[in-house]
Every structure is written in C-alpha cells, then in structure tokens.
Number of protein chains: 2
Amino acid sequence: MSILSYDRGVSLRYALLGMLAVQPGTGYELAQRFDSSMSNAWYASHSQIYPELAKLCEAGLLEVVGQGPRRSRTFGITEEGRRELRDWLVESEPNRSQRNETTIRWFLLELLPPDDRRAVIERELRDVTEYHQGLVNAAESLDALEHDHPFRPMVGLAVRTSQVMVDWLNEQLEATPGSP
Amino acid sequence: MSILSYDRGVSLRYALLGMLAVQPGTGYELAQRFDSSMSNAWYASHSQIYPELAKLCEAGLLEVVGQGPRRSRTFGITEEGRRELRDWLVESEPNRSQRNETTIRWFLLELLPPDDRRAVIERELRDVTEYHQGLVNAAESLDALEHDHPFRPMVGLAVRTSQVMVDWLNEQLEATPGSP
DNA sequence: GCCATCATGTAATTAGTTACATGATTAG
DNA sequence: CTAATCATGTAACTAATTACATGATGGC
C-alpha cells in the first residue's frame with residue numbers, strides 16, 4: 001500500500017478494516033465500538049476515524065454500502081480490502097509494543113505510602129470489577145443466542161484476563177499494611 | 001503543571017518519573033527498560049525519551065545525580081518530582097484506553113480460513129509462550145534474592161496474564177478445523 | 001419548539017516514529 | 001585497530017488529541 005503512513009503505525013487502519021469485515025457500519029458506530037467492545041485493543045476518536053475511512057475508500061479497500069438518515073453512510077469492506085487485511089494478519093510482522101497507562105499505575109503502586117496505596121488499589125478494584133462484571137454479562141448475553149457469535153472467544157479471553165487482575169489487586173490490597 | 005502537553009497524553013512523562021523514582025538511570029537505560037521490563041505497559045524510543053528528560057529537568061522534577069563514561073548522565077527524581085508523581089497516582093483520573101495491536105490481531109482471527117488461522121495461531125503461540133517463559137524465569141530470579149524486589153508483584157501479574165493467553169490460544173487452535 | 005443525541009467533518013496542537021548524525025568506550 | 005555497543009541528540013514526518021464547527025432527526 002503506497003498511500004502514506006509508517007510500517008508500524010497502521011494499526012488503526014487494520015482495526016477499521018477488520019471491524020468492517022466483521023460487520024459494516026458508520027463512522028459514528030465505529031467510534032462507539034472503540035469506546036466499548038474494542039476498548040481493550042485500540043482506541044480512536046471520530047476525528048481520526050472519518051479521515052481514515054475516507055483514505056481507505058479512496059484506496060478501494062472500503063466502499064459505501066448504504067446511506068441512512070442524517071446523511072450517515074455505512075461502510076463495508078471490499079474484496080481488495082479483505083485481501084489486504086488477510087495479508088496483514090498472515091504475512092506482516094506483529095508489533096508487540098503496548099501502551100497501557102493502567103499498567104504503569106499498577107507498576108508504581110509500591111512507591112506509595114500505605115494509606116495512599118490502599119486508596120488507589122480500592123479505586124482500581126472498583127473500576128476493574130465493574131469492567132469485569134460488564135464482560136461477564138456480555139458473555140452471558142452471547143451464550144443466550146442460539147448461534148455462535150464471532151466475538152465470543154475474545155470476550156472469554158477478556159473475562160479471564162480481568163479476573164486475574166481483580167484477584168491480583170485483592171492480593172495487593174491484603175498485602176498493604178493497615179488493610180482489614 | 002504548565003509546561004505544555006495534553007491532560008491524557010502525559011503517560012510517558014509519568015512513566016519516566018516513576019521509573020526514575022524506583023531507580024535512577026540514564027536515558028539509554030530507560031530506553032532499554034521500555035524494551036524489556038516496561039514493554040507490557042508503555043514503549044518509547046530514545047528520540048522521545050531524551051527531550052522529555054530535558055523538559056522534566058527544566059521543570060525541576062528530575063535532576064542529574066551522576067555522570068559516567070561516554071558523557072552519560074544519570075537522572076534521579078527530585079522531591080518535587082515525587083510530589084508530582086504521587087499526585088498523579090492518587091488524584092488524577094486514570095486513562096483506561098489501551099493500544100495493543102496483538103489484541104486486534106486475535107480479535108480478527110475468526111475472519112481467516114482454517115489454514116491461515118492455524119498458521120497465525122501457531123505463530124502467536126510461539127511468541128507468547130516465549131514471552132511467558134521469559135517472565136517465569138524473571139520471577140524465579142527475583143525469588144532467589146533474599147530481599148523482596150519491587151518488581152516482583154508486577155512480574156507475578158504478567159506471568160498469570162500471559163498464562164491465560166497461552167491457554168486461550170491453545171483452545172483456539174484446538175477449535176480450528178484440521179488441527180491435530 | 002426545544003433539547004438530546006446522531007452524525008460528520010476540519011484546524012491546531014501535541015505525541016510518537018523513523019531517519020539522520022555524531023562521538024566515546026571497551027572487548028577482541 | 002576495529003567492530004560492536006554505549007550514549008546522546010536533532011530533523012522530518014506521521015499519528016493522535018483536543019477544540020471548533022455544523023447540521024439532521026426524533027422524542028417530548
């Protein structure tokens with residue numbers, strides 16, 4: 001692909017391509033997916049999404065497959081887009097670098113005096129527990145369907161991962177002096 | 001803090017401040033830590049690190065605490081830096097958004113035909129297993145010390161998380177048609 | 001009619017990547 | 001002596017955030 005961009009800074013492109021390969025949608029819907037179901041993988045705001053969709057359309061990897069009310073346009077992936085996505089998944093070297101502010105915060109917990117430390121862990125525990133519960137509910141909803149949902153495996157992974165985090169935070173809380 | 005930057009794009013700043021609060025170091029060493037022990041939390045290249053260290057020094061949050069061979073300078077956190085770091089950890093609203101290309105790739109596995117899918121899962125499994133084994137070894141090294149190491153809790157979390165990932169990938173592999 | 005939300009975009013700024021550049025030290 | 005690595009920086013570019021901006025639709 002010649003239309004600009006680095007080799008390793010292209011994750012948004014493939015996130016969009018992939019999300020639209022699973023299910024066509026508008027830019028607005030994609031922004032919502034980045035806020036919820038995709039939030040543990042990638043985030044992008046609408047101001048980044050719309051220009052990227054335009055570029056991908058121009059490159060022939062996406063196309064407008066429908067128009068709705070408020071001049072909304074639904075995008076879908078093209079055959080060329082599917083080939084590009086497949087090549088990326090199978091052929092390209094994965095970029096394993098991550099950016100996760102929460103992990104930085106947890107890494108630095110040990111610097112805090114016990115009172116601050118306990119307060120921070122309790123806040124983290126509230127947030128992660130809420131996140132975990134949301135995933136458990138999502139998993140139950142998907143299990144209630146009669147067909148296998150494509151998101152089910154990833155939700156399962158996220159449930160287990162967040163369970164590990166809840167357990168770890170509880171242990172850190174117990175190990176902090178002055179905890180009940 | 002008035003010295004420029006967004007509210008939510010400041011994670012590098014606090015990652016550096018925190019790493020130097022745990023242990024003073026040079027810019028070069030910090031770049032190495034981002035490549036290894038901090039790689040599951042944040043990544044930054046030296047070209048981003050050096051200017052940021054200069055800014056933090058100018059702001060009085062860091063100071064040069066030693067000079068080595070090849071005109072290397074060791075930075076340490078100041079009292080003001082510790083206060084700033086503590087305030088960030090305790091008072092500021094955490095940014096929960098993540099960027100993790102690997103999760104995008106795993107999310108999109110279901111789009112691939114079985115042969116491609118199996119090949120990709122096997123590659124991921126190799127990479128994650130290697131990563132997991134590295135963490136297990138690191139944990140054993142830390143356990144061999146007579147004192148508690150500050151990184152031990154985070155390594156423990158990473159060990160469990162990567163174990164969950166290895167298990168999940170193995171399940172996905174088994175569930176793919178044509179697998180042994 | 002009015003307000004919330006849907007829906008899309010652009011402009012200005014900061015963050016991050018890649019490439020370029022240079023010199024010091026040490027191990028062989 | 002010479003190649004690898006240590007060590008630090010800048011320049012040019014792309015990516016991402018924040019702020020600004022506008023209009024359509026549907027429910028009340």
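These numbers come from the heavy atoms of this one structure, side chains and all, not from hydrogens, waters or symmetry mates. Each chain gets a letter, A, B and so on, in the order its sequence line appears, and its residues count up from 1.
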Looking at [N], I'd like to know if its phosphate oxygens (OP1 or OP2) sit under 4.0 Å from a side-chain N or O belonging to [X].
X       : N      : result
B:Ser47 : D:dT10 : no
B:Tyr50 : D:dT8  : yes
B:Tyr28 : D:dT8  : no
B:Arg99 : D:dT17 : yes
B:Arg73 : D:dG9  : yes
A:Gln48 : D:dA15 : no

Review point. Do we see a donor-acceptor contact under 3.5 Å between the side chains of A:Asn170 and A:Glu174?
Key: no

Roughly how many Å is it from [atom1] in [X] to [atom2] in [N], rounded to a whole number?
X       : N      : atom1 : atom2 : value
A:Asn95 : C:dG16 : CG    : C1'   : 12 Å
A:Leu16 : D:dA16 : CG    : C1'   : 13 Å
A:Glu93 : C:dT17 : CD    : P     : 17 Å
B:Ile49 : C:dA15 : CD1   : P     : 15 Å
A:Leu53 : C:dT8  : CG    : C1'   : 11 Å
A:Glu29 : C:dT8  : CD    : C1'   : 13 Å
B:Arg96 : D:dT17 : CZ    : P     : 17 Å
B:Asp35 : C:dT17 : CG    : P     : 11 Å

Point to revise | 5' precedence on DNA chain D between A:Arg71 and B:Thr74 (nearest-nucleotide basis) | key: B:Thr74

Study note, to complete from the structure: When B:Arg70 and A:Glu52 are each assigned the nearest nucleotide of DNA chain D, the 5'-most assignment goes to B:Arg70

Among [options], which nucleotide sits nearest the side chain of [X]?
X       : options                : result
A:Lys55 : D:dT17, C:dT10, D:dA15 : D:dA15
A:Tyr43 : D:dT17, C:dT8, C:dT17  : D:dT17
B:His46 : C:dC6, D:dT8, C:dT17   : D:dT8

Review point. Contact class for A:Ser72 vs. all strands (heavy atom < 4.0 Å): base, sugar-phosphate, or nothing?
Key: sugar-phosphate

Review point. So, the side chain of A:Arg86 versus the backbone of B:Leu111: is there a donor-acceptor pair under 3.5 Å, distance only?
Key: no

Check your understanding: Should the pair B:Trp168 and B:Trp106 be assigned to parallel (<30°), tilted (30 to 60°) or perpendicular (>60°) ring geometry?
Key -> parallel

Exercise for review: Please work out whether the ring planes of A:His149 and A:His147 are parallel, tilted or perpendicular, with thresholds of 30° and 60°.
Suggested key: tilted

Exercise for review: Identify, with sequence neighbours excluded, every residue that meets salt bridge (charged side-chain N to carboxylate O under 4.0 Å, His left out) alongside B:Arg118.
Suggested key: B:Asp115

Listing, residues 20-30 of chain B side-chain donor-acceptor contacts under 3.5 Å, not counting sequence neighbours, or none:
unit_1	atom_1	unit_2	atom_2	d
B:Thr26	OG1	B:Tyr28	N	3.4
B:Thr26	OG1	B:Glu29	N	3.1
B:Glu29	OE1	B:Thr26	N	3.0

Revision key, fill the gap. Comparing nearest nucleotides in DNA chain C, the 5'-proximal residue of the pair A:Pro69, A:Pro51 is A:Pro69

